[in-house]
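Reading through the structure tokens given below for one structure.
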Amino acid sequence: MPTSQSRSRARNVLNRPEFMSLHHQPVRATETRSSTRRPSYKGQGQVQGGEAQQDAAENCRERKEFPEEDCMQLNPSFKGIAINSLLAIDISLSKRLGVCARTTSSWGSMRAVVNLLALTGHGIPWIFGTIVCLTRSNTLAGQEVLVNLLLALLLDIMTVAGIQKLVKRKGPYEMSPSFLDYIAMDVYSFPAAHASRAVMVAKFLLAHLVLAVPLRILLVLWAVLVGMSRVLLGRHHLSDVGCGFALGFLHYTLVEMVWLPSSTCQTLISISTLNWSPFY
């Protein structure tokens with residue numbers, strides 16, 4: 001009896017994993033668990049495993065489709081909160097002020113008058129009118145002022161069109177641009193081209209024309225109303241008009257810095273009219 005007990009103890013010790021032969025690999029825990037499962041639960045386990053794989057694949061797709069920038073930030077910075085709040089206020093106020101955006105709006109009956117006011121700040125009428133005045137001007141001083149005004153208008157149109165192409169911000173009501181807007185490349189909302197042009201022209205005329213005080217006040221009031229008319233029509237946000245005012249003042253400053261003298265203006269007029277007499 002003692003010998004049989006000692007043999008059974010030796011067998012139990014040899015059955016431990018560290019004493020097992022290298023030719024007999026230990027059975028994995030997953031295999032033992034799967035083998036001990038009942039046959040009726042095999043199909044259910046496979047279904048659950050397939051659902052888990054599908055969920056994992058969908059999560060990976062969502063991570064690939066949505067970059068980290070589009071995900072919600074749990075701890076946004078104070079700067080981000082301030083900028084988002086200002087943008088939300090800007091959009092809300094711009095939509096409330098769009099009282100002439102449609103004929104069914106609260107001020108829909110005034111839409112034609114507001115459109116006419118906005119047309120006075122369009123680039124095409126100003127360029128065409130400046131060219132007509134330049135062809136009928138007989139003084140060197142008048143031609144000098146008109147040539148510089150024409151260059152300022154071209155600079156304003158090209159600069160605003162370039163910024164709008166880069167930003168590509170839509171208006172508060174996302175209206176389609178008119179035919180004249182496509183010609184002047186005033187397709188997007190930021191910055192407001194009419195506001196920029198109105199401020200630049202008003203500042204230019206105030207600096208180079210002798211006007212009475214009432215006319216000077218009316219000119220400043222016209223520039224402000226042209227910018228606000230685009231907000232009333234639902235074409236631009238308030239921030240677009242504000243940046244347009246600042247950009248127009250910048251354009252006037254640049255034109256004053258690179259002001260073309262009378263001799264250069266006469267040369268440009270001669271080239272444009274194919275009159276080469278100044279070169280002989």
Side-chain angles (χ1 to χ4, degrees), residues 82-130 153 156-157 159-161 163-165 167-206 211-252:
I83 293 175
N84 292 331
S85 301
L86 291 176
L87 288 176
I89 294 172
D90 179 33
I91 294 173
S92 177
L93 289 178
S94 301
K95 287 187 176 181
R96 289 183 180 181
L97 290 175
V99 292
C100 300
R102 298 182 178 89
T103 55
T104 57
S105 301
S106 57
W107 288 14
S109 59
M110 299 292 293
R111 180 177 172 82
V113 178
V114 178
N115 266 323
L116 183 60
L117 178 62
L119 185 61
T120 59
H122 202 278
I124 301 301
W126 274 103
I127 291 177
F128 181 75
T130 304
L153 291 171
D156 180 81
I157 289 178
T159 305
V160 172
I163 297 176
Q164 286 186 356
K165 286 290 185 180
V167 179
K168 293 184 179 180
R169 187 186 188 187
K170 296 182 179 180
Y173 287 91
E174 297 185 1
M175 297 180 179
S176 58
S178 62
F179 177 72
L180 291 177
D181 293 334
Y182 278 111
I183 294 177
M185 296 179 288
D186 185 14
V187 180
Y188 295 99
S189 176
F190 181 88
H194 290 68
S196 174
R197 194 169 304 111
V199 168
M200 189 269 297
V201 170
K203 185 66 177 174
F204 192 94
L205 296 179
L206 288 173
L211 300 174
V213 175
L215 292 177
R216 298 173 74 88
I217 294 174
L218 288 176
L219 193 58
V220 174
L221 184 61
W222 166 80
V224 176
L225 290 178
V226 167
M228 292 303 300
S229 65
R230 302 294 287 178
V231 179
L232 297 178
L233 292 171
R235 298 284 184 175
H236 296 282
H237 301 86
L238 287 173
S239 59
D240 303 334
V241 174
C243 292
F245 286 156
L247 191 61
F249 186 80
L250 178 62
H251 289 159
Y252 165 76

W107 side chain vs G98 backbone, donor-acceptor pair below 3.5 Å: no
Working to the nearest 0.5 Å, report the span between CG of L225 and CG of L221. 4.5 Å
Could you state the interatomic distance from CG (L233) to CZ (R230), rounded to the nearest 0.5 Å? 6.5 Å
Determine whether L153 and V201 make a side-chain contact, defined as any pair of heavy atoms from C-beta on separated by less than 4.5 Å. yes
Donor-acceptor pair, distance only, cut-off 3.5 Å: does the side chain of S92 make one with the backbone of I89? no
Relative to each other, are the rings of Y252 and F204 parallel, tilted or perpendicular (30° and 60° limits)? perpendicular
Side-chain heavy-atom pair L238, M228 within 4.5 angstrom cut-off: yes
Considering only heavy atoms from C-beta outward, does the side chain of P177 approach that of D186 to under 4.5 Å? no
I157 side, atom CD1; R197 side, atom CZ - distance, nearest 0.5 Å: 5.0 Å
Roughly how far apart are R111 CZ and L232 CG, rounded to 0.5 Å? 11.0 Å
Could you check whether any side-chain heavy atom of H236 comes within less than 4.5 Å of a side-chain heavy atom of S189, counting everything from C-beta outward? yes
Using a 4.5 Å cut-off on heavy atoms from C-beta on, say whether the side chain of H194 contacts that of D181. yes
So do the side chains of V226 and W222 get within less than 4.5 Å of each other, counting heavy atoms only? yes
Could you give the distance from CG (L211) to CG (L206), rounded to the nearest 0.5 Å? 6.5 Å
Drop me the distance from T103's OG1 to M110's CE, to the nearest 0.5 angstrom. 15.0 Å
Among T159, D240, D156, which residue satisfies the side-chain hydrogen bond (donor to acceptor under 3.5 Å, both in side chains) criterion with S196? D156
Thinking salt bridges, do R169 and D90 make one under a 4.0 Å N-O criterion? yes
When you compare the side chain of H237 with that of F190, does any pair of heavy atoms fall below 4.5 Å? no
